[in-house]
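Both backbone and side-chain heavy atoms feed into the values below; hydrogens, waters and symmetry mates do not. In this text the structure is predicted, and so the values were computed from the model without any measurement.
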Amino acid sequence: MPKAWQGPSQRATPAETEAARDRLLAFFADTDFARGVVDSLQSDGYAVLRGVLSRDEADREFDRMWDFVERVSPTVRRQEPATWWPEGAGAVDPWPH
(Lines give C-alpha, C1' and ligand atoms only; values in the text may rest on other atoms or scores of the structure.)
Protein backbone atom coordinates (compact mmCIF):
# COMPACT_ATOMS: atom_id res chain seq x y z
CA MET A 1 0.00 0.00 0.00
CA PRO A 2 1.40 3.47 -0.87
CA LYS A 3 2.57 5.57 2.06
CA ALA A 4 -0.15 8.13 1.32
CA TRP A 5 -2.76 5.63 2.53
CA GLN A 6 -1.05 4.45 5.68
CA GLY A 7 -1.75 5.72 9.16
CA PRO A 8 -0.80 9.20 10.37
CA SER A 9 2.45 7.94 11.89
CA GLN A 10 3.93 7.41 8.41
CA ARG A 11 3.78 10.53 6.27
CA ALA A 12 4.05 10.37 2.50
CA THR A 13 6.20 12.73 0.52
CA PRO A 14 4.38 15.32 -1.62
CA ALA A 15 5.35 13.37 -4.76
CA GLU A 16 3.92 10.13 -3.32
CA THR A 17 0.72 11.87 -2.31
CA GLU A 18 0.33 13.43 -5.76
CA ALA A 19 0.96 10.09 -7.49
CA ALA A 20 -1.57 8.32 -5.25
CA ARG A 21 -4.19 11.00 -5.89
CA ASP A 22 -3.79 10.85 -9.64
CA ARG A 23 -4.35 7.08 -9.66
CA LEU A 24 -8.03 7.77 -8.96
CA LEU A 25 -8.44 9.44 -12.34
CA ALA A 26 -8.49 5.99 -14.00
CA PHE A 27 -11.80 5.26 -12.25
CA PHE A 28 -13.67 8.15 -13.88
CA ALA A 29 -15.68 7.39 -17.01
CA ASP A 30 -14.80 9.13 -20.26
CA THR A 31 -17.96 11.20 -20.50
CA ASP A 32 -18.68 14.92 -20.54
CA PHE A 33 -20.23 14.62 -17.07
CA ALA A 34 -17.19 12.81 -15.61
CA ARG A 35 -14.76 15.26 -17.23
CA GLY A 36 -16.77 18.10 -15.68
CA VAL A 37 -16.53 16.48 -12.26
CA VAL A 38 -12.76 15.98 -12.62
CA ASP A 39 -12.29 19.55 -13.88
CA SER A 40 -14.23 20.89 -10.88
CA LEU A 41 -12.25 18.75 -8.43
CA GLN A 42 -8.95 19.87 -9.92
CA SER A 43 -9.79 23.57 -10.16
CA ASP A 44 -12.01 24.08 -7.09
CA GLY A 45 -11.27 21.11 -4.84
CA TYR A 46 -14.91 20.00 -4.88
CA ALA A 47 -17.70 19.16 -7.31
CA VAL A 48 -21.42 19.80 -6.99
CA LEU A 49 -23.43 16.70 -7.89
CA ARG A 50 -27.01 17.92 -8.09
CA GLY A 51 -29.75 15.45 -7.26
CA VAL A 52 -27.50 12.89 -5.53
CA LEU A 53 -29.22 13.48 -2.18
CA SER A 54 -32.81 14.46 -1.50
CA ARG A 55 -33.36 17.69 0.44
CA ASP A 56 -34.06 15.64 3.61
CA GLU A 57 -30.90 13.54 3.12
CA ALA A 58 -28.80 16.66 2.55
CA ASP A 59 -30.25 18.29 5.69
CA ARG A 60 -29.49 15.16 7.76
CA GLU A 61 -25.90 15.00 6.47
CA PHE A 62 -25.40 18.71 7.10
CA ASP A 63 -26.58 18.18 10.70
CA ARG A 64 -24.24 15.17 11.05
CA MET A 65 -21.33 17.29 9.81
CA TRP A 66 -22.05 19.97 12.40
CA ASP A 67 -22.50 17.36 15.15
CA PHE A 68 -19.03 16.01 14.29
CA VAL A 69 -17.43 19.47 14.19
CA GLU A 70 -18.94 20.47 17.53
CA ARG A 71 -17.91 17.15 19.10
CA VAL A 72 -14.24 17.26 18.02
CA SER A 73 -13.84 21.05 18.25
CA PRO A 74 -16.00 22.15 21.18
CA THR A 75 -15.06 25.81 20.72
CA VAL A 76 -16.76 25.84 17.28
CA ARG A 77 -20.52 26.27 17.62
CA ARG A 78 -22.90 26.09 14.67
CA GLN A 79 -25.16 28.89 15.89
CA GLU A 80 -22.25 31.24 16.70
CA PRO A 81 -20.36 32.22 13.52
CA ALA A 82 -17.86 34.23 15.58
CA THR A 83 -16.50 30.86 16.82
CA TRP A 84 -15.68 29.72 13.27
CA TRP A 85 -12.40 31.68 13.03
CA PRO A 86 -9.29 32.04 15.18
CA GLU A 87 -9.74 34.80 17.74
CA GLY A 88 -6.62 36.82 16.90
CA ALA A 89 -3.09 36.85 15.55
CA GLY A 90 -1.38 33.57 16.36
CA ALA A 91 -4.60 31.94 17.61
CA VAL A 92 -5.14 28.27 16.90
CA ASP A 93 -7.48 27.40 14.04
CA PRO A 94 -10.59 26.00 15.77
CA TRP A 95 -11.60 23.64 12.96
CA PRO A 96 -10.80 19.90 12.98
CA HIS A 97 -8.03 18.91 10.58
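Both Phe33 and Phe28 are assigned to one and the same hydrophobic cluster, defined by single-linkage of ILVMFWY side chains at heavy-atom distances under 4.5 Å. By the criterion of side-chain heavy atoms lying less than 4.5 angstrom apart, applied directly or through intervening Ile, Leu, Val, Met, Phe, Trp or Tyr residues, Val37 is grouped together with Val52 in one hydrophobic cluster.
Distance alone, capped at 3.5 Å, places no donor-acceptor pair between the Ser40 side chain and the Tyr46 backbone. Between the side chain of Ser73 and the backbone N or O of Glu70 there is no donor-acceptor pair closer than 3.5 Å. Of the possible donor and acceptor atoms, one in the side chain of Arg77 sits under 3.5 Å from a partner among the backbone N and O of Thr75. For Trp85 (side chain) and Asp93 (main-chain N/O), no donor-acceptor pair under 3.5 Å exists by modelled atom type.
Looking at Arg78, Glu61, Arg71 one by one, the single match for side chain to side chain contact (heavy atoms under 4.5 Å, CB included) with Trp66 turns out to be Arg78.
A pairwise comparison of heavy atoms in Val92 and Pro86 identifies O-CB, 3.9 Å as the closest pair.
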Decide yes or no on side chain to side chain contact (heavy atoms under 4.5 Å, CB included) for Val76 and Val69, but give the supporting numbers first.
CA-CA 7 Å; Val76 176; Val69 168; 3.7 Å; yes

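Side-chain contact between Phe68 and Met65: absent, with no pair of heavy atoms (C-beta onward) separated by less than 4.5 Å.
In this structure, Arg35 pairs ionically with Asp32, as a charged nitrogen and a carboxylate oxygen lie closer than 4.0 Å.
In this structure, Arg60 CZ and Arg55 CZ are separated by 13.0 Å, a value rounded to the nearest 0.5 Å. With rounding to the nearest 0.5 angstrom, the CG atom of Asp59 is 13.5 Å from the CZ atom of Arg64.
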